[in-house]
Amino acid sequence: MAATAAFAAVIWPLTLRQRYASPTTGKFRSISKPELSVYASAVRKEKQPRELAPSVSDSSAVGKKPAEEIPPSGGRGREPEAESDDGLSSLKNYFDQCREFISKSDGGPPRWFSPLECRSQLKDSPLLLYLPGVDGVGLGLMMEHERLGKIFDIWCMHIPLKDRTPLTDLVKFVESTVKTEHLRVPNRPIYLVGESFGACLALAVAACNPEIDLPLILANPATSFGKSLLQPLTLLPLSAMMPEKLSSSLPYVLTLLLGNPAKMVAAAMSKHLPLDQVIEVLSQESVAISSYLSTMSKLFTVETLCWKLNLLKSAAAFANSRLHAVKAQTLILASGQDKLLPSRDEANRLCQVLQKCQVRLFANSGHALFLEMQEHGFSLASILTGASFYRRGERHNYVSDYLPPTPSEFWRIYELQRWIETAVNPVVLSTLENGDIVRSLAGIPSEGPVLYVGYHMMLGFEVVPLLARFWIERNILLRGMTHPMVFTMLREGIIPPPLSAFDNMKIMGAVPVSATNFYRLLSSNSHVLLYPGGMRESLHRKGEEYKLFWPEQPEFVRVAAKFGAKIVPFGVVGEDDIGHLLLDYNDLTRIPYIKNAIEELTEEVVKLRSDAIGEVANENVHLPVIIPKVPGRFYFLFGKPIETEGRKQKVRSREKAQELYLEVKSEVEKCLAYLKEKRENDPYRHIVARLTYQAIHGFDSEVPTFDFTTKTHP
């Protein structure tokens, strides 16, 4: 993968001496402690809100089941059909709960609540504090609760509509919680997820507490309020200019703070449902939105609008004056269609000011990013994975902190790259225990740890169909050992693609190449993809197709034997059928300007084999010029798994380790030789023949290939 690197119910929580009503019984009960109320989120259409539980000081003790570990990363994934996410019912639920929340909330001070379903299944999970937009409801992450609740302890901030707590006190309120939780669990990061106004709060708290580990996730931060369409309203005496009878129109304007509800429904309708279901759900959505707006029209006043706008203005000024003091790791999520704030430009500005900052742009989303995200195929969890932003300790662990993609996330990524598989129509062969070759992955071990060692095509062309086939056919997620440049932000201007261009690789399991990560992957029973030839092999020169550039020393066999991992050698051919290498490294270095650029870039990236000798140490980073051909076909052959169980002691000997290493290398070369020979007899090697066959037999039909019906393992 190194070469691919070269080019994501109702709640009204109460404080001390307050009471709250059960949404199911309507009765009131007293509570004893102020820190946290717990709310049973009805995130699915068929679920009813559970009764509110008493507030407690330690959220980890509230209704918790014993902590459960998620399946080992890199192990078996889930079938694509297993996931069923009804975004339509979620939107209806959101508006219903916002209406109930606002109408039944008292005028008390700000408080925290936590959805009961947000019970982290991970040990030592970090705390996530959600800071809402200026609406103050606190349900902005509702679409994400179920997924995020598996990896975070989530507390959401609620600011009642009638509350008039000044900005400085809101900052102190969040800061007090941060300090208390930091003292309780000092080594745990506390994530501040701020949306619009909440992003300003997050920045202010982080600036005042640089010694606390506070990763910031800022969605469309309102630090750009001075350039927004709302800013002029703070200069006008609205209460005098706007008659009270016109206040009923205000909620319709303020729904822009949530995004365009009609746009949300339209996005949800893009899911291909039967017509009768579309009509039914659309009707339900319209009723929910109308009910929400009706409630807002009764409760929202011009005075409230003035307060909210001035609060937003103060927050923006407060945060901007303290940006220089923010030391926290920051991830900014910016919408390209934000009609309220210039979020795209603001993200770029903040990225220049903040010390540890990344930006992710969502070109088709509006102001209410978290409500629209899933309808565009994203989730906050996958974004954190793509940005390597989720961690449970001081530093990110690429193995234990990895969040495997959901089926819908896999298919979103796969659809973007599906044209590659369509063009090359790969033939995937594997070897059974008896030596038979079959056209499937039936010969691949089901249980890890398994190490797949093979040949790296030019620019890693084989990676996309390889990962996709393992997921679709065997429900296995390959963790590919990848060059560290995919995970490292180089200095500005040194490399064309932004770091976000590699997010999909990280979501699909890419891991930086290192001895530590390799050890961790095998110890967690993962399926690991390794290319010993690395960058030198994937950026080979003219005439070096299908030549292995492996180190002389056995870099991986001892670790594999330590964990009893099965080693599966494999070969892949076909790069010469899809492109002609016009200019390689030798040609490019004859051009002075390009030569200097290659040297600069090579100097900037991490040196993986600085102590190695031979060609494998020659890792000059460059982009060869390739002329596309009329697509041929890719051929994969996975050899018979090599057992290392019980060989741990033997491979401690340098001679035995070298013997096993050469055995693996020899098997890869045999696979390559076999495929190069056999493909000559494939009548469907070229795309015209394949398309003709599919036009006759159906485009979902499997196109035949050469004969491999006998025991023909090389």
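As the structure is a prediction and not an experimental result, all values here were calculated from the model.
A donor-acceptor pair under 3.5 Å links the side-chain atoms of T644 to the main chain of A565, judged by distance alone. Remark: the backbone N or O of S440 is not paired with any side-chain donor or acceptor of E473 at under 3.5 angstrom. Proximity of a side-chain donor or acceptor of H483 to a complementary backbone N or O of V513 within less than 3.5 Å is not detected. A donor-acceptor pair is defined here as one N or O able to donate and one able to accept, closer than 3.5 Å; no such pair exists between the side chain of E575 and the backbone of M457. Distance alone, capped at 3.5 Å, places no donor-acceptor pair between the S196 side chain and the G133 backbone. Proximity of a side-chain donor or acceptor of R391 to a complementary backbone N or O of E394 within less than 3.5 Å is detected.
Inter-residue side-chain proximity for P512 and N517 is flagged as met; some heavy-atom pair is nearer than 4.5 Å. I444 has its side chain out of reach of V450: every pair of non-hydrogen atoms, C-beta onward, lies at least 4.5 Å apart. Two residues are said to be in side-chain contact when any heavy atoms from C-beta on lie closer than 4.5 Å; L451 and F518 meet this criterion. Residues L139 and F113 form a side-chain contact, since some pair of their non-hydrogen atoms from C-beta on lies under 4.5 Å apart. Within the 4.5 Å cutoff, the side chain of L529 has heavy atoms near those of the F570 side chain. Counting heavy atoms from C-beta outward, V463 and M505 have side chains that stay 4.5 Å or more apart. Under the 4.5 Å side-chain criterion, counting only non-hydrogen atoms from C-beta, P449 is not in contact with V528. With a 4.5 Å cut-off on side-chain heavy atoms, Y398 and K506 do not count as touching.
A search for salt bridge (Lys or Arg N to Asp or Glu O under 4.0 Å) contacts involving D401 returns R392, not counting sequence neighbours. Residues passing the ring-ring contact (aromatic ring centres under 6.0 Å, His included) test with F389: none are found, sequence neighbours excluded. The side chain to side chain contact (heavy atoms under 4.5 Å, CB included) test applied to N425 returns R633, R690, Q694, V703, not counting sequence neighbours. Residues passing the side chain to side chain contact (heavy atoms under 4.5 Å, CB included) test with A199, sequence neighbours excluded: L218, P221. For the side chain to side chain contact (heavy atoms under 4.5 Å, CB included) test, residues two or more places apart in sequence or in another chain that qualify with R344 are L361. A search for ring-ring contact (aromatic ring centres under 6.0 Å, His included) contacts involving F634 returns nothing, not counting sequence neighbours. In terms of the ring-ring contact (aromatic ring centres under 6.0 Å, His included) criterion, residue partners of F563 (sequence neighbours excluded) are, by chain and number, Y519. Take Y414 and apply the ring-ring contact (aromatic ring centres under 6.0 Å, His included) test, not counting sequence neighbours, and it matches F410, W411. Applying the side-chain hydrogen bond (donor to acceptor under 3.5 Å, both in side chains) test to S388 and every residue at least two apart in sequence or in another chain returns nothing. Shown here are the side chain to side chain contact (heavy atoms under 4.5 Å, CB included) partners of S335, two or more places apart in sequence or in another chain: N220, D338, S365, L369. Looking at residues two or more places apart in sequence or on another chain, you find a side-chain hydrogen bond (donor to acceptor under 3.5 Å, both in side chains) between E415 and R418. For Y635, the side-chain hydrogen bond (donor to acceptor under 3.5 Å, both in side chains) partners are D682, not counting sequence neighbours.
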(Q) Under the criterion side chain to side chain contact (heavy atoms under 4.5 Å, CB included), I'd like the reasoning laid out for Q417 against M508: C-alpha separation, chi angles, the key distance, then a yes or no. (A) CA-CA 13 Å; Q417 308 292 337; M508 289 305 299; over 6 Å; no
(Q) Apply ring-ring contact (aromatic ring centres under 6.0 Å, His included) to residues F638 and F470 and explain how you reach the verdict. (A) CA-CA 12 Å; F638 293 87; F470 267 74; 5.5 Å; yes
Q. Would R479 and Y402 count as a side chain to side chain contact (heavy atoms under 4.5 Å, CB included) if you check the C-alpha gap in whole Å, the side-chain angles of each, and the deciding distance to 0.1 Å?
A. CA-CA 10 Å; R479 303 298 307 275; Y402 174 65; 3.4 Å; yes
Q) Taking it one step at a time, do S382 and L403 satisfy side chain to side chain contact (heavy atoms under 4.5 Å, CB included)? A) CA-CA 7 Å; S382 66; L403 309 175; over 6 Å; no
Q.
I'd like to know whether I383 forms a side chain to side chain contact (heavy atoms under 4.5 Å, CB included) with F362, so could you lay out the CA-CA distance, the side-chain angles of the two residues, the decisive distance to 0.1 Å, and finally the verdict.
A. CA-CA 11 Å; I383 293 168; F362 302 87; 3.3 Å; yes
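No donor-acceptor contact under 3.5 angstrom links the side chains of T516 and S514, judged on distance only. No side-chain donor from either of Y130 and E144 sits under 3.5 Å from a side-chain acceptor of the other.
Once rounded to the nearest 0.5 Å, the distance linking CZ of F708 with OG1 of T431 reads 11.0 Å. Atom OG1 of T482 and atom CE of M535 lie 10.5 Å apart (nearest 0.5 Å). The distance from the CG atom of L127 to the CZ atom of R188 is 4.5 Å, given to the nearest 0.5 Å. Separation of atoms CG (L429) and CG (D436) is listed at 12.0 Å; rounding is to 0.5 Å. Separation of atoms CG (L380) and NE2 (H145) is listed at 11.0 Å; rounding is to 0.5 Å. If you take CG on L477 and CG on L467, they are separated by 8.0 Å, rounding to the nearest 0.5 Å.
Taking every heavy atom of both residues into account, A347 and V359 meet most closely at O-CG2, 3.7 Å. A363 approaches Q337 most closely through the heavy-atom pair O-CG, 3.2 Å. Across every non-hydrogen atom of A423 and I687, the tightest pair is O-CD1, 4.2 Å. Across all their heavy atoms, R360 and G386 have their closest contact at NH2-O, 4.1 Å. Across all their heavy atoms, G571 and L675 have their closest contact at O-CD1, 3.4 Å. Pairing each heavy atom of A381 with each of I151, the nearest pair is CB-CD1, 4.4 Å.
Between Y693 and H697, the two ring planes are parallel [angle under 30°; tilted spans 30° to 60°]. In this structure, H456 and Y531 have parallel ring planes: the angle between them is below the 30° cut-off, well short of the 60° mark.
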